[in-house]
Amino acid sequence: MKKINIAIDGPSGVGKSTVSELIAKKFNLKFINSGSLYRAISLFFFQKLGKEQFKQILDEKYVLDNWNIKQLFLDPFGNLFLDNVKIENKDLRKDEISWGASKIAKYKLIRSQIVSFLQDYSEKEKGVIMDGRDTTFVVLPNAELKIFLWASAEIRATRRMEQNQELGFKTNYEELLKEIEERDFQDMNRENDPLHKTDDAILIDSSNMNIQEVVNKISELILERINNE
Ligand code: DC
């Protein structure tokens with residue numbers, strides 16, 4: 001089957017990674033979660049500096065002076081390594097690491113390093129599905145399929161509440177909603193490469209869809225692209 005590249009952008013908590021992983025399995029593509037690279041750099045500094053200093057000195061100059069993109073490696077299966085040690089996904093999902101990642105993601109030079117890294121990888125390993133906040137217009141502007149996955153902030157907060165309940169965490173709906181709205185504002189108003197839908201991206205509003213329905217919709221679009229190539 002012809003290999004195509006797929007780019008999926010959308011706000012935080014909309015289900016991009018879950019959907020992308022399922023699509024990757026179904027069509028034998030490599031799934032790259034571009035946010036995990038920003039998170040990996042954040043993890044590097046968290047481990048180097050410890051919790052207190054990490055919060056204090058993570059400005060752009062410090063990050064640039066103390067970081068080299070060669071410390072990251074993505075193998076052909078999509079596994080990410082930091083200084084030759086495989087990174088576990090659970091280590092990237094902690095709150096402090098998310099905080100550092102969103103700070104680092106504002107730095108222009110760091111963004112351009114990550115973009116080049118992801119572009120080189122996708123060129124070598126054709127047949128990737130990549131999710132993030134700038135994949136449709138910066139990282140993979142020539143992707144054969146571009147999706148902008150959306151759901152309202154209220155729906156995303158409700159889904160997160162339900163997930164937390166299943167995991168046994170107590171959460172407050174109003175707080176979750178506020179957090180999601182703040183993240184959306186940051187992502188969509190940041191100076192460098194703010195999140196937006198491009199004209200050539202297909203909007204999928206998943207507010208009233210379940211995961212399988214989103215996967216089915218994207219699968220139809222992939223088959224159309226493959227058959228038209
Ligand atoms: O999707 P995520 O929450 O794992 O992303 C981590 C951080 O990196 C988040 O603050 C958004 C940012 N990010 C970005 O700016 N560009 C991307 N392509 C992916 C993530």
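Note that ligands are numbered from 1 as they come in the structure, with each ligand's atoms numbered from 1 the same way.
A heavy-atom separation below 4.0 Å is not found between Lys106 and ligand 1. Ligand 1 is never approached by Lys16 to a heavy-atom distance shorter than 4.0 Å. Ligand 1 is approached by Asp134 to a heavy-atom distance shorter than 4.0 Å. For Gln186, the closest heavy-atom approach to ligand 1 does not fall below 4.0 Å.
At the shortest separation from atom 17 (C) of ligand 1 among protein heavy atoms lies Arg133 N, 3.4 Å. Counting protein heavy atoms only, atom 19 (C) of ligand 1 is closest to Ser34 OG, 3.4 Å. The protein heavy-atom contact nearest to atom 16 (N) of ligand 1 is Arg111 NH2, 3.2 Å. Among all protein heavy atoms, the one lying closest to atom 3 (O) of ligand 1 is Arg39 NH2, 2.9 Å. For atom 12 (C) of ligand 1, the closest non-hydrogen atom of the protein is Ala105 CB, 3.7 Å. In terms of protein heavy-atom proximity, atom 7 (C) of ligand 1 is closest to Ala101 CB, 4.0 Å.
Formation of a donor-acceptor pair under 3.5 Å by the Arg156 side chain with backbone atoms of Ser12 is found in this model. Without hydrogens or angle criteria, Asn5 side chain to Val128 main chain gives a donor-acceptor distance under 3.5 Å. Side chain of Tyr38 to main chain of Ile110: no donor-acceptor pair is present (N/O by atom type, distance under 3.5 Å, no hydrogens or angles).
Between Glu174 and Lys178 there is no salt bridge, since no side-chain N of the basic residue sits under 4.0 Å from a carboxylate O of the acidic one.
Contact atoms of ligand 1 toward Arg183: 3 (O) (distance under 4.0 Å to a heavy atom of the residue). Here is the list of ligand 1 atoms found below 4.0 Å of a heavy atom in Ser102: 10 (O).
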Assess the residue pair Lys86 and Phe73 against the criterion (side-chain contact (heavy atoms from CB on, under 4.5 Å)); give the C-alpha distance rounded to whole Å, side-chain angles, the decisive distance to 0.1 Å, and a yes or no.
CA-CA 9 Å; Lys86 186 170 172 216; Phe73 173 69; over 6 Å; no

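A donor atom on one side chain and an acceptor atom on the other are found under 3.5 Å apart for Gln212 and Asn216. In this structure, a donor-acceptor pair under 3.5 Å is present between the side chains of Asp9 and Thr135. Residues Ser219 and Lys26 bring a donor and an acceptor atom of their side chains to less than 3.5 Å of each other.
When Ser98, Pro194, Gly35 are checked for heavy-atom proximity to atom 5 (O) of ligand 1, Gly35 turns out nearest.
At least one side-chain heavy atom of Leu118 sits under 4.5 Å from a side-chain heavy atom of Met130.
For ligand 1, none of its N or O atoms has an N or O atom of Asn33 under 3.5 Å away.
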